[in-house]
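Since the structure is predicted, the reported quantities are computational estimates derived from the model, not experimental observations.
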Amino acid sequence: MALNLSILYRGPLSSCNYGCEYCPFAKRSDTAAQLAMDRKALDRFVNWVIARNADQIGILFTPWGEALIHPWYQQALAQLSHLPQVVKVAIQTNLSCNLDWVERCDRQKLGLWTTYHPTEVERDRFVRRCWELDRRGVRFSVGIVGLKEHQAEAQALRQELPPHIYLWVNSYKRQPNYYSASEIEQFAEIDPLFPINNQIHPSLGKSCRAGDSAIAVDGDGTMRRCHFIPDAIGNIYAPDFEQNLIPSPCTNQNCRCHIGYVHMHELGLYEVFGSGILERIPEKIL
C-alpha cells in the first residue's frame with residue numbers, strides 16, 4: 001500500500017553544543033558509543049526510506065540537541081533530498097554548523113527550521129548565516145523562544161533578517177499568565193501566529209492527523225502518534241506497520257507545542273502552512 005506520510009524522526013542523539021538554560025540537553029555530550037548508535041539508527045532509517053519507493057514521504061528531524069554538527073546528519077539530509085519518494089526533508093537546528101553541505105542537497109526539497117538563541121551566539125553571526133542560506137537558495141524559517149528579556153532581540157532580529165523570511169516566536173508556557181496584554185501584542189507584531197502558539201489547545205477526543213498521516217518515529221523504529229503521546233502504535237520496520245495508521249481522536253488533555261497542535265484538524269493550520277508545514281514556513285500570512 002502506497003503511503004502519503006509525514007514522519008517526525010528523533011534518534012538517540014541527546015547532546016548539544018549550546019547551553020540554553022531553558023533546555024534540558026544544554027551542553028550535554030554523548031559518548032563515542034552513543035554517537036555510533038545514533039549514526040547506526042539513522043542509517044537504518046535512511047535505508048528504510050530508500051526502500052519505500054512507492055510512497056510520498058515528508059521528514060522532519062526533531063533531535064534532542066543539535067544534529068547538524070555531525071556529518072552523518074548532513075549526509076542523510078543530502079541523500080534523502082534526492083529520493084523521488086521524499087517530498088520534503090527538514091530539520092530543527094541552531095544553525096551553528098558550516099553550511100557547505102547544503103550544496104549537496106536538492107534545495108527544492110530541503111527545509112531548515114532554525115532557532116536563534118541570544119545567550120549562545122551573537123545576533124550578527126546568526127543573521128549572516130541566515131543571509132547565506134538565502135543566497136544558497138535554501139527554504140528556512142527562523143525562531144526564538146519568547147522570553148520577555150528576549151523581546152528586544154526578537155525585534156532586532158526581525159529588522160535584520162531578509163524580509164521574506166518568517167520569524168516565529170515560541171511562547172514561554174512554563175509560567176501561567178506569563179505575558180501581559182501589551183507583551184502579547186508586541187510579540188504578535190513580530191509573529192502574526194504567536195497568539196495561536198500562546199495557547200494550550202484542548203485536544204482530548206479531537207480529530208488530529210497524528211497517528212494517521214503524521215507519526216513520530218524513534219531510533220529503534222518505534223512508531224507513536226506524536227512526540228507527546230508515549231504509547232507505541234507499531235514499528236516502521238515491521239512488515240505490516242501500515243495497518244496501524246488509522247484516524248483516531250487525541251488521547252491527551254491538551255496540546256502545547258507547535259509540532260503537535262499543527263496537525264489538529266480544527267485549527268486549520270495545514271491551510272496556513274501549505275507545503276511549508278514541516279519547516280514551519282506559512283504560505284498565507286506573508
Side-chain angles (χ1 to χ4, degrees), residues 16-23 25-27 60-63 65-69 90-99 102 107 110-175 178-199 256-259 262 269 272-274 276-286:
C16 190
N17 56 338
Y18 279 9
C20 308
E21 63 178 12
Y22 43 79
C23 177
F25 296 92
K27 291 295 185 184
L60 171 63
F61 290 95
T62 61
E66 177 55 37
L68 285 179
I69 56 175
I91 190 168
Q92 296 175 327
T93 175
N94 63 25
L95 211 58
S96 59
C97 66
N98 184 286
L99 298 177
V102 304
R107 276 157 285 176
L110 177 67
L112 298 184
W113 166 321
T114 76
T115 306
Y116 170 53
H117 301 283
T119 62
E120 305 303 309
V121 62
E122 293 181 356
R123 185 174 70 250
D124 180 65
R125 182 180 179 186
F126 182 85
V127 169
R128 285 200 305 270
R129 288 181 177 271
C130 291
W131 280 94
E132 181 180 350
L133 282 177
D134 199 46
R135 288 193 299 271
R136 291 177 185 262
V138 178
R139 281 174 52 85
F140 66 102
S141 66
V142 175
I144 187 171
V145 176
L147 295 173
K148 295 180 181 183
E149 59 266 32
H150 291 172
Q151 190 164 83
E153 279 294 321
Q155 291 170 334
L157 184 63
R158 176 64 280 168
Q159 293 300 314
E160 296 176 18
L161 286 173
H164 59 278
I165 297 301
Y166 172 56
L167 174 58
W168 47 265
V169 178
N170 267 357
S171 169
Y172 189 73
K173 297 174 181 173
R174 295 183 187 178
Q175 293 181 221
Y178 178 67
Y179 301 104
S180 67
S182 63
E183 288 166 339
I184 292 172
E185 184 177 346
Q186 288 172 332
F187 274 126
E189 289 176 357
I190 297 168
D191 175 9
L193 296 177
F194 178 74
I196 297 175
N197 186 263
N198 191 38
Q199 296 181 48
R256 305 169 64 94
C257 183
H258 173 89
I259 59 174
V262 75
L269 292 176
V272 174
F273 285 89
I277 195 78
L278 292 178
E279 64 270 46
R280 199 170 180 176
I281 300 177
E283 290 184 346
K284 284 198 171 181
I285 68 168
L286 301 179

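- Using a 4.5 Å heavy-atom cutoff, the side chains of R280 and I259 are not in contact.
- Smallest separation of non-hydrogen atoms from F140 and C130: CZ-O, 3.3 Å.
- A donor-acceptor pair under 3.5 Å is absent between the side-chain atoms of T115 and the main chain of I144, judged by distance alone.
- Listed here is the closest heavy atom pair of N94 and F126: O-CE1, 3.9 Å.
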Decide side chain to side chain contact (heavy atoms under 4.5 Å, CB included) for I165 and L133; before the verdict, give the C-alpha distance in whole Å, the side-chain angles of both, and the deciding distance to 0.1 Å.
CA-CA 11 Å; I165 297 301; L133 282 177; over 6 Å; no
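- Closest approach of F194 to I184, counting heavy atoms only: CD2-O, 3.9 Å.
- The shortest side-chain heavy-atom distance between V121 and L95 does not fall under the 4.5 Å cut-off.
- Residue L269 holds its CG atom at 6.5 Å from CD1 of I277, rounded to the nearest 0.5 Å.
- Side-chain atoms of Q199 come within 3.5 Å of backbone atoms of P195 as a donor-acceptor pair (strictly under, hydrogens ignored).
- Of the inter-residue distances, the one linking N198 atom CG with Y172 atom OH reads 13.5 Å to the nearest 0.5 angstrom.
- Between the Y178 side chain and the K148 main chain, a donor and an acceptor come within less than 3.5 Å of each other.
- Between the CG atom of L99 and the CZ atom of R135 there is a distance of 10.0 Å, given to the nearest 0.5 Å.
- Residues S96 and E66 come closest through the heavy atom pair OG-CG, 4.1 Å.
- In this view, R123 and E153, E160 satisfy the salt bridge (Lys or Arg N to Asp or Glu O under 4.0 Å) rule, not counting sequence neighbours.
- Atom CD of Q186 and atom CD of E189 lie 7.0 Å apart (nearest 0.5 Å).
- Atom CG of N170 and atom CG of L147 lie 10.5 Å apart (nearest 0.5 Å).
- Counting non-hydrogen atoms of neighbouring residues, nucleotides and ligands closer than 6.0 angstrom, the CD atom of E122 reaches no more than 12 such neighbours.
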Between L193 and Y166, is the side chain to side chain contact (heavy atoms under 4.5 Å, CB included) condition met? List the steps.
CA-CA 10 Å; L193 296 177; Y166 172 56; 3.5 Å; yes
Run the side chain to side chain contact (heavy atoms under 4.5 Å, CB included) check on N197 and W168 step by step: do they pass?
CA-CA 9 Å; N197 186 263; W168 47 265; over 6 Å; no
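- With sequence neighbours left out, the side-chain hydrogen bond (donor to acceptor under 3.5 Å, both in side chains) criterion links S180 to S182, E183.
- At distances below 3.5 Å, at least one donor-acceptor pair connects side-chain atoms of Y179 with backbone N or O atoms of G146.
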So D134 and H164, side chain to side chain contact (heavy atoms under 4.5 Å, CB included) or not? Walk me through it.
CA-CA 10 Å; D134 199 46; H164 59 278; 2.9 Å; yes
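- The line from CH2 of W113 to CG of L278 is 9.0 Å long, rounded to the nearest 0.5 Å.
- Annotation: F273 is in aromatic contact with H258 [ring centroid separation under 6.0 Å].
- The side-chain hydrogen bond (donor to acceptor under 3.5 Å, both in side chains) test applied to R256 returns no partner, not counting sequence neighbours.
- When all heavy atoms of V102 and R136 are compared, the closest pair comes out as CG2-CD, 3.5 Å.
- Considering all non-hydrogen atoms of both residues, L112 and L110 come closest at CD2-CD1, 4.3 Å.
- S141 places a side-chain N or O within 3.5 Å of a backbone atom of E279 that can act as its donor or acceptor partner.
- Checking side-chain atoms of D191 against main-chain N and O of V169 turns up a donor-acceptor pair under 3.5 Å.
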